[in-house]
Trainee: 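Pasting a structure below so you can have a look.
Everything numeric here is computed off the predicted structure, so don't read it as measured data. Chain letters run A, B, ... following the sequence lines, proteins first and then strands; every chain starts at 1. Any value given below was found using the heavy atoms of this structure, including those in side chains, with hydrogens, waters and symmetry copies removed.
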Amino acid sequence: MGIETESTETPSQNDGPSNFIRNIMIEDIKSGKHEGRIQTRFPPEPNGYLHIGHAKAICLDFGLAAEFGGKCNLRFDDTNPSKEDTEYVNAIMEDVQWLGFQWDNLFYASDYFPQLYEWAIQLIKDGKAYVCDLNADEIRAHRGTLTEPGTDSPYRNRSVDENLNLFARMKQGEFPDGSRTLRAKIDMSAPNLSLRDPVMYRILHLAHHRTGNQWCIYPMYDYAHGQSDSIERVTHSMCTLEFDNNRALYNWFIEQLGIFPSRQYEFDRLALTHTLLSKRKLLKLVEERLVEGWDDPRMPTLSGMRRRGYTPSAIRNFIASVGVSKTNGITQLQQLEYFLRQDLNRLVPRIMCVQKPLRVVIENYPDGQVEEMDAINNPEDSSAGSRKIPFSKTIYIEDDDFREDPPSKFYRLSPGREVRLRYAYLITCREVIKDSSGTIVELRCTYDPATRGGNTPDGRKVKSTIHWVSADHALPAEVRLYDNLFVKEDPNEVEEGHDFTENLNPDSLQVLADCKVEPSVRDAERGTKYQFERLGYYCVDRNSEDGLVFNRTIGLRDSWAKIEKRGA
RNA sequence: UGGGGCGUAGCCAAGUGGUAAGGCACCGGUCUUUGAAUCCGGCAUUCGUUGGUUCGAAUCCACCCGCCCCAGCCA
């Protein structure tokens with residue numbers, strides 16, 4: 001009874017509101033720029049797992065290219081071997097495909113190391129780059145401040161020959177890490193700090209995940225990214241707002257080199273309440289074992305969300321709904337949850353599961369009798385069919401569905417009251433059995449045989465329909481309830497000297513070990529999604545070897561909880 | 001305090017001189033064998049502020065206010 005949510009064609013961004021990048025593309029096509037060709041790229045650094053924030057970039061990069069019949073490459077931005085790893089490249093490829101996208105070409109910035117090196121030599125020959133012997137601290141000191149201009153490096157005016165010689169020896173491995181850099185010769189007094197003779201190459205005697213020990217000098221992001229775009233003939237290079245300052249440098253290298261003029265466009269990154277979208281901080285959670293791993297269902301990573309039970313289409317629909325602009329904003333988590341529920345409601349089969357079992361004996365039901373009740377699998381999808389559910393004298397109902405002393409708006413089961421058991425019978429509570437400590441251990445009820453299937457031939461109305469499972473037939477299951485990982489809307493809101501981990505929600509995971517689920521799911525495969533009627537959406541966790549374990553993806557909206565809270 | 005970006009409802013967001021789309025949230029009501037879903041209705045006389053231009057301004061101009069980014073040999 002699993003569901004297939006993979007799509008066969010690349011989803012586009014058609015359904016969202018228009019946005020400024022799409023408008024630019026439409027104008028460019030209209031004016032015949034690049035012969036109307038649109039090409040983008042998704043350029044992750046393989047130094048961590050992809051998260052929901054990356055999903056926005058992915059949907060834009062791939063979606064917009066697809067919308068205009070263009071290409072989108074996946075290019076790993078692997079210019080810093082100290083942080084990158086093939087574990088991450090594999091995870092990234094899996095996540096992009098799971099989201100529903102397929103790249104035209106797979107590239108690595110490291111593919112371009114030889115070309116980048118040649119271009120560096122060209123810039124040196126043109127007098128536009130030089131080898132600098134200043135160390136990191138000295139470079140910083142020379143850079144000036146936000147309000148004061150920097151000062152020229154004493155090595156700024158070396159001869160072309162000396163620069164060529166030194167740069168070749170840097171590549172040869174003659175110098176230790178950090179001893180020299182290759183810098184672009186631009187303007188130490190530029191108001192834009194990224195133009196104050198930025199470092200192009202640094203010495204790093206480190207093995208690279210792809211090029212091994214072939215190189216000991218590695219290009220910086222600014223020197224690699226634009227040229228990589230240019231080499232691939234990317235027309236529209238989308239990135240997040242914080243790179244706005246880098247655009248001038250992006251353009252500078254392309255202009256000096258006289259190569260294909262890719263253009264960079266910046267958009268706002270996704271931010272969500274109660275959620276951290278920083279690879280560095282997510283890494284910390286993983287490394288310090290504050291979560292189970294990158295795919296912990298509480299993580300905002302795509303792998304975590306996949307394990308939690310999110311569908312790719314829910315994420316895509318959500319991304320389309322938030323739009324693209326240049327405003328720094330924080331989207332409320334409820335917006336994501338809305339699209340999650342919307343998708344799951346449409347796709348997922350319903351079953352019954354009792355999370356907190358309360359035993360009910362139906363006194364006038366024949367001992368040993370078992371009836372098979374018909375249950376609809378998905379009222380939103382008639383093709384989903386129906387199934388049989390066993391009913392017997394002893395059942396479990398949800399503890400929350402009974403109140404000995406019901407508050408005014410509570411219309412579920414209570415002494416003397418009648419409710420419907422979904423797809424089964426109407427029952428009336430006759431007696432409450434308690435143990436010596438006064439806790440309710442069992443309810444004695446009677447049923448009306450004329451109401452089989454939950455129907456009321458006499459037209460009588462019952463206020464409530466509750467879910468149940470047959471005690472003798474139900475399967476034991478563990479259910480994991482998840483709540484926000486962070487208690488504060490902004491997890492970074494901490495007092496001076498404190499850490500975001502202090503905002504971790506101690507109740508983000510609640511394990512219910514003694515749940516009872518209907519027998520139809522006995523052989524459910526890992527990842528299978530269900531709606532537990534009246535409770536929420538769940539999926540079978542990958543760790544279900546010792547019995548069924550369900551992750552609660554998201555609860556159903558609960559207006560009773562709201563009413564009750566309001567009254568309290 | 002230098003440079004850059006951005007301010008439209010609680011949140012996201014269209015709108016680029018002709019009189020404020022849409023979504024989330026919220027509030028009513030409808031329907032209901034899921035207190036779900038559905039369906040219907042409500043929700044900015046006003047677009048950060050103040051002036052100006054104009055028959056007419058969220059849109060153009062000026063000033064002011066606020067928020068974000070940049071001083072990694074990270075990306």
Trainee: If I pick the C1' atom on rA9(B) and the same atom on rG48(B), what distance separates them, to the nearest angstrom?
Mentor: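 The answer is 14 Å between these two C1' atoms.
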Trainee: Are OP1 or OP2 of rG4(B) and a side-chain N or O of Lys326(A) less than 4.0 angstrom apart?
Mentor: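 The answer is no; no side-chain N or O of Lys326(A) sits under 4.0 Å from OP1 or OP2.
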Trainee: Quick one: list whatever passes ring-ring contact (aromatic ring centres under 6.0 Å, His included) with Tyr108(A), sequence neighbours left out.
Mentor: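 Tyr108(A): ring-ring contact (aromatic ring centres under 6.0 Å, His included) contacts with Phe76(A).
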Trainee: Can you list everything that forms a ring-ring contact (aromatic ring centres under 6.0 Å, His included) with Tyr265(A)? Sequence neighbours excluded, please.
Mentor: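 Tyr265(A) satisfies ring-ring contact (aromatic ring centres under 6.0 Å, His included) with His236(A) only.
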Trainee: If you compare every side-chain N and O of Arg412(A) against the phosphate oxygens of rG35(B) (OP1, OP2), does one of them come in below 4.0 Å?
Mentor: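 For Arg412(A), the contact criterion (side-chain N or O under 4.0 Å from OP1 or OP2 of rG35(B)) is not met.
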Trainee: Establish, with yes or no, whether the OP1 or OP2 oxygen of rA37(B) is under 4.0 angstrom from a side-chain nitrogen or oxygen of Arg557(A).
Mentor: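 For Arg557(A), the contact criterion (side-chain N or O under 4.0 Å from OP1 or OP2 of rA37(B)) is met.
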Trainee: Generate the contact string for nucleotides 68-75 of chain B. Rules: B means base contact, S means sugar-phosphate contact only, - means no protein heavy atom under 4.0 Å.
Mentor: SBBBSBSB
Trainee: Determine the contact category for Lys279(A): base if any of its heavy atoms lies under 4.0 Å from a base atom, sugar-phosphate if only primed atoms, P, OP1 or OP2 are that close, otherwise nothing.
Mentor: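 Lys279(A): no heavy atom of the nucleic acid under 4.0 Å.
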Trainee: Students often get this wrong, so: under 4.0 angstrom with heavy atoms, is Gln531(A) touching a base, only sugar-phosphate, or nothing?
Mentor: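 Touches a base.
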Trainee: What is the separation between atom CD1 on Ile330(A) and atom C1' on rC67(B), rounded to the nearest whole Å?
Mentor: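 Answer to the nearest Å: 11 Å.
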Trainee: Please check if the distance between the ring centroids of Phe167(A) and Tyr117(A) is under 6.0 Å.
Mentor: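 Phe167(A) vs Tyr117(A): aromatic centres under 6.0 Å.
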Trainee: When you compare rG18(B) with rU54(B), how far apart are their C1' atoms, in angstrom units rounded to a whole number?
Mentor: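 Approximately 12 Å lies between the C1' atom of rG18(B) and that of rU54(B).
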Trainee: Rounding to an integer number of Å, can you tell me how far Glu489(A) CD sits from rG10(B) P?
Mentor: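 One finds 14 Å between P of rG10(B) and CD of Glu489(A), rounded.
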Trainee: Might you work through the side-chain contact (heavy atoms from CB on, under 4.5 Å) test for Asp229(A) and Tyr250(A), ending with a clear yes or no?
Mentor: CA-CA 10 Å; Asp229(A) 285 341; Tyr250(A) 179 104; 2.7 Å; yes
Trainee: Between rA44(B) and rC12(B), how many Å separate the two C1' atoms, rounded to a whole number?
Mentor: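 Each nucleotide's C1' atom is 15 Å from the other's.
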Trainee: Quantified in whole Å, what is the P atom distance between nucleotide rA36(B) and nucleotide rU32(B)?
Mentor: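 So the two P atoms sit 14 Å from each other.
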Trainee: Can you tabulate the close N/O pairs, meaning under 3.5 Å, that link protein atoms to atoms of nucleotides 64-66 of chain B?
Mentor:
none

Trainee: Between rA20(B) and rU59(B), how far is it from one P atom to the other, in whole Å?
Mentor: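 One P to the other, the span is 14 Å.
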Trainee: What distance, rounded to whole Å, do you find between the two C1' atoms, one in rU53(B) and one in rA13(B)?
Mentor: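 After rounding to an integer number of Å, I get 29 Å for this pair.
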Trainee: Please give the nucleotide sitting opposite rC6(B) as a Watson-Crick or G-U wobble pair, both distances under 3.5 Å, or none.
Mentor: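 rG66(B) is the nucleotide pairing with rC6(B).
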Trainee: Closest approach to the side chain of Glu380(A), judged atom by atom: which nucleotide of rG35(B), rG2(B), rA37(B) is it?
Mentor: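 Per side-chain heavy atoms of Glu380(A), the pick is rA37(B).
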Trainee: Does Phe267(A) reach a base, just sugar-phosphate, or nothing at all? Heavy atoms under 4.0 Å.
Mentor: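 No contact.
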Trainee: Output the rounded distance in Å from CZ (Arg534(A)) to P (rA37(B)).
Mentor: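 Those two atoms, CZ and P, are 14 Å apart.
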Trainee: rA62(B) and rU1(B): how far apart are their C1' atoms, nearest whole angstrom?
Mentor: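 My reading of the C1' atoms in rA62(B) and rU1(B) gives 22 Å.
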Trainee: Calculate the interatomic distance between Asn377(A) atom CG and rU34(B) atom P; express it in whole Å.
Mentor: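 Whole-Å distance recorded here is 16 Å.
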Trainee: When you measure only distances, ignoring hydrogens and angles, does the side chain of Tyr338(A) come within 3.5 Å of the base of rG23(B) through a donor and an acceptor?
Mentor: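 No such pair is found, so the answer is no.
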Trainee: With sequence neighbours left out, which residue pairs that include part of residues 448-468 of chain A fulfil the ring-ring contact (aromatic ring centres under 6.0 Å, His included) condition?
Mentor: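 Residue pairs passing ring-ring contact (aromatic ring centres under 6.0 Å, His included), neighbours aside: Phe391(A)-Trp468(A).
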Trainee: For Lys562(A) and rC26(B), give me the distance from atom NZ to atom C1', rounded to whole Å.
Mentor: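 Value for this atom pair: 8 Å.
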Trainee: Calculate the interatomic distance between Gln335(A) atom CD and rG23(B) atom P; express it in whole Å.
Mentor: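 Distance check: Gln335(A) CD to rG23(B) P gives 11 Å.
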Trainee: Taking atom P in both rA58(B) and rC67(B), what distance in whole Å separates the two?
Mentor: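 Looking at atom P only, rA58(B) and rC67(B) are 26 Å apart.
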Trainee: For residues 187-205 of chain A, which residue pairs qualify under salt bridge (charged side-chain N to carboxylate O under 4.0 Å, His left out), counting only residues two or more places apart or in two chains?
Mentor: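 Sorted result for residues 187-205 of chain A: Arg156(A)-Asp197(A).
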Trainee: Would you please name every residue forming a ring-ring contact (aromatic ring centres under 6.0 Å, His included) with Tyr130(A), sequence neighbours left out?
Mentor: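 For Tyr130(A) there are no ring-ring contact (aromatic ring centres under 6.0 Å, His included) partners, ignoring immediate neighbours.
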Trainee: Mind checking Gln332(A) for me? I need base, sugar-phosphate or nothing, with any heavy atom below 4.0 Å counting as a touch.
Mentor: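 Here Gln332(A) touches the bases of the nucleic acid.
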Trainee: Does rG72(B) sit syn or anti, given that only angles within 90° of 0 count as syn?
Mentor: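 Chi for rG72(B) falls in the syn range.
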Trainee: What is the nucleic acid contact for Phe339(A), judged by heavy atoms within less than 4.0 Å: base, sugar-phosphate only, or nothing?
Mentor: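 The answer is sugar-phosphate, as Phe339(A) gets under 4.0 Å only of primed atoms, P, OP1 or OP2.
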Trainee: Would you say Ser464(A) places a side-chain N or O within less than 4.0 Å of OP1 or OP2 belonging to rG35(B)?
Mentor: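 For Ser464(A), the contact criterion (side-chain N or O under 4.0 Å from OP1 or OP2 of rG35(B)) is not met.
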Trainee: Pro379(A) side chain: which of rU34(B), rC12(B), rG10(B) is closest?
Mentor: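 Within the option list, the nearest is rU34(B).
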Trainee: Using the ring-ring contact (aromatic ring centres under 6.0 Å, His included) criterion, which residues pair with Tyr223(A)? Sequence neighbours excluded.
Mentor: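 For Tyr223(A) the ring-ring contact (aromatic ring centres under 6.0 Å, His included) partners, ignoring immediate neighbours, are Tyr201(A), Phe253(A).
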Trainee: Check the angle between the aromatic planes of Tyr538(A) and Phe532(A) and answer parallel, tilted or perpendicular using the 30° and 60° thresholds.
Mentor: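 Tyr538(A) and Phe532(A): parallel rings.
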Trainee: Does Ser559(A) make a side-chain N or O approach to OP1 or OP2 of rA36(B) shorter than 4.0 Å?
Mentor: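 Indeed, a polar side-chain atom of Ser559(A) lies that close.
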Trainee: Nearest whole angstrom, please: distance from the C1' of rC31(B) to the NZ of Lys463(A).
Mentor: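 Interatomic distance, NZ of Lys463(A) to C1' of rC31(B): 16 Å.
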Trainee: For the residue pair Tyr221(A) and Phe243(A), is the inter-centroid distance of their aromatic rings smaller than 6.0 Å?
Mentor: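 Tyr221(A) vs Phe243(A): aromatic centres under 6.0 Å.
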Trainee: Please examine the side chains of Thr451(A) and Ile427(A), heavy atoms only from C-beta on, and report whether any two atoms are closer than 4.5 Å.
Mentor: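 With C-beta onward as the side chain, the pair stays apart.
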Trainee: Over how many whole Å does the gap from Arg22(A) atom CZ to rA14(B) atom P extend?
Mentor: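 Between P of rA14(B) and CZ of Arg22(A): 11 Å.
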Trainee: Under the side chain to side chain donor-acceptor pair (under 3.5 Å) test, which residues partner Thr240(A), sequence neighbours left out?
Mentor: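 With neighbours one apart ignored, the set is Glu242(A).
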Trainee: Distance check: side-chain N/O of Arg566(A) vs OP1/OP2 of rC27(B), anything under 4.0 Å?
Mentor: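 For Arg566(A), the contact criterion (side-chain N or O under 4.0 Å from OP1 or OP2 of rC27(B)) is met.
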Trainee: Return yes if the base of rG2(B) and the side-chain atoms of Glu148(A) contain a donor-acceptor N/O pair under 3.5 Å, otherwise no.
Mentor: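 No, the side chain and the base share no sub-3.5 Å donor-acceptor pair.
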Trainee: Which nucleotide in the list rA14(B), rA37(B), rC11(B) gets nearest to the side chain of Asn345(A)?
Mentor: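 When the side chain of Asn345(A) is considered, rA37(B) is the closest of rA14(B), rA37(B), rC11(B).
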Trainee: Need one value for Asp381(A): base, sugar-phosphate or nothing, where a base atom within 4.0 Å counts as base even if backbone is also close, heavy atoms only.
Mentor: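 No contact.
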Trainee: By nearest nucleotide on RNA chain B, pick out whichever of Thr331(A) and Gly454(A) is the more 5' one.
Mentor: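 Checking each residue's closest nucleotide, the 5'-ward one belongs to Thr331(A).
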Trainee: Tell me if the centroids of the rings in Phe113(A) and His208(A) come within less than 6.0 Å of each other.
Mentor: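 Yes, the ring centres sit under 6.0 Å apart.
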